Amino acid sequence: VLHTDVAGYLPLVKVLHDEGFLMCADLTAADYLAYEPVRDVPAGVEAERFELVVGLLRFDPTERVRIRVQVPESATTVPTLFELYPGSDALEREVFDMFGIEFAGHPDLTRILMPEDWVGHPLRKDYASGRIPVQFKGSTTAR
């Protein structure tokens, strides 16, 4: 597990890519609003509200690395990995949609799960939870 801030994110990923980590297996985020200010991060790493978590794979020799990027609430923009890992396209769009973290340089940073007119980001811990009625296709009653 490697820890970095937003400024060190892309340089770190480029070094790992050059070392043979050619697959971005996962890219997601976490909102640690409820855990502030105490979090499990190494000494010298400043914990932020949001954390971007990226999993990279190398196949020869087989190795996996996880990158934990601290993203401050006041500046939720990080560089895209699309140029190095085109498969990160949908993963970055999902993080944008659910958490509101923007990816600078992404070719199509639009919502992927929620409707375009949806207000807010549902996986943020300060997003109001509520009941959305479920309607089944062909059903005569709404639940």
Side-chain angles (χ1 to χ4, degrees), residues 1-138 142-143:
V1 178
L2 303 173
H3 295 264
T4 187
D5 58 8
V6 174
Y9 173 51
L10 192 56
L12 174 61
V13 172
K14 284 181 178 180
V15 166
L16 291 169
H17 186 270
D18 292 344
E19 290 179 1
F21 288 88
L22 301 179
M23 180 179 176
C24 178
D26 196 20
L27 189 148
T28 190
D31 182 353
Y32 286 101
L33 179 66
Y35 295 96
E36 289 184 313
V38 179
R39 288 244 316 284
D40 181 25
V41 293
V45 175
E46 186 176 339
E48 298 288 354
R49 175 178 172 181
F50 297 104
E51 184 174 276
L52 186 66
V53 183
V54 181
L56 301 177
L57 297 176
R58 173 169 54 190
F59 296 106
D60 190 23
T62 304
E63 193 173 0
R64 177 184 304 261
V65 66
R66 183 178 337 137
I67 303 168
R68 292 174 58 186
V69 184
Q70 300 304 309
V71 181
E73 181 178 11
S74 61
T76 57
T77 301
V78 299
T80 184
L81 296 184
F82 183 79
E83 293 298 319
L84 293 171
Y85 303 101
S88 67
D89 172 37
L91 300 170
E92 290 179 345
R93 287 179 61 198
E94 182 177 340
V95 169
F96 165 69
D97 197 1
M98 297 289 105
F99 291 94
I101 297 173
E102 296 185 24
F103 293 86
H106 191 282
D108 183 28
L109 196 59
T110 56
R111 290 196 180 265
I112 192 170
L113 298 172
M114 304 304 291
E116 284 295 324
D117 60 349
W118 192 271
V119 177
H121 304 283
L123 292 183
R124 285 189 172 196
K125 299 297 184 198
D126 56 358
Y127 187 80
S129 61
R131 185 169 178 347
I132 299 173
V134 177
Q135 294 179 342
F136 296 96
K137 184 175 180 179
R143 295 181 183 219

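Only this structure's heavy atoms are used, side chains among them; waters, hydrogens and symmetry mates stay out. On a predicted model such as this, the values are computed, not experimentally measured, just so you know.
Considering CZ of R64 and CG of L57, their distance stands at 4.5 Å, rounded to 0.5 Å. Within the model, atoms CG of L2 and CG of L16 stand 6.0 Å from one another, a figure rounded to the nearest 0.5 Å.
Dense packing is recorded around CD of E19, with more than 12 heavy atoms of other residues, nucleotides or ligands lying under 6.0 Å away. The environment of D40 atom CG is sparse: at most 12 non-hydrogen atoms of other residues, nucleotides or ligands sit within 6.0 angstrom.
Looking at residues two or more places apart in sequence or on another chain, you find a side-chain hydrogen bond (donor to acceptor under 3.5 Å, both in side chains) between D126 and R49. With sequence neighbours excluded, the residues forming a ring-ring contact (aromatic ring centres under 6.0 Å, His included) with H17 are Y85, listed by chain and number. With sequence neighbours excluded, the residues forming a side chain to side chain contact (heavy atoms under 4.5 Å, CB included) with P107 are F82, listed by chain and number. Qualifying side-chain hydrogen bond (donor to acceptor under 3.5 Å, both in side chains) partners for S88, counting only residues two or more places apart in sequence or in other chains: none. Every residue meeting the side-chain hydrogen bond (donor to acceptor under 3.5 Å, both in side chains) condition with H106, not counting sequence neighbours, appears here in chain and number order: D89. Here R58 pairs with E63 under the side-chain hydrogen bond (donor to acceptor under 3.5 Å, both in side chains) rule; sequence neighbours left out. Legend: residues meeting side chain to side chain contact (heavy atoms under 4.5 Å, CB included) with V1, ordered by chain and number and at least two apart, are H3, R66, R68.
Shortest non-hydrogen contact noted between Y32 and A30 is CE1-CB, 3.6 Å. Nearest approach of T4 to Y9, heavy atoms of both residues: OG1-N, 3.7 Å. The heavy-atom pair separating L84 from K14 by the smallest distance is CD1-CG, 3.7 Å. V6 approaches T77 most closely through the heavy-atom pair CG1-O, 3.6 Å.
With a 4.5 Å cut-off on side-chain heavy atoms, L52 and V78 count as touching. Annotation: side chain of E92 is in contact with side chain of L27 (closest heavy-atom distance under 4.5 Å).
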Please tabulate, for side-chain N and O atoms in residues 95-105, each donor-acceptor pair with protein atoms closer than 3.5 Å (sequence neighbours left out).
unit_1, atom_1, unit_2, atom_2, d
D97, OD1, R111, NH1, 2.3
D97, OD2, I112, N, 3.1
D97, OD2, L113, N, 2.7
D97, OD2, M114, N, 2.8

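Using modelled atom types, one side-chain atom of T62 and one backbone atom of F59 make a donor-acceptor pair closer than 3.5 Å. Formation of a donor-acceptor pair under 3.5 Å by the D5 side chain with backbone atoms of Q70 is not found in this model.
Pairs of residues two or more places apart, or lying in two chains, never qualify as salt bridge (Lys or Arg N to Asp or Glu O under 4.0 Å) while including a residue from residues 113-124.
When each of I67, D26, T28 is paired with V53, the side chain to side chain contact (heavy atoms under 4.5 Å, CB included) condition holds for T28 and for no other.
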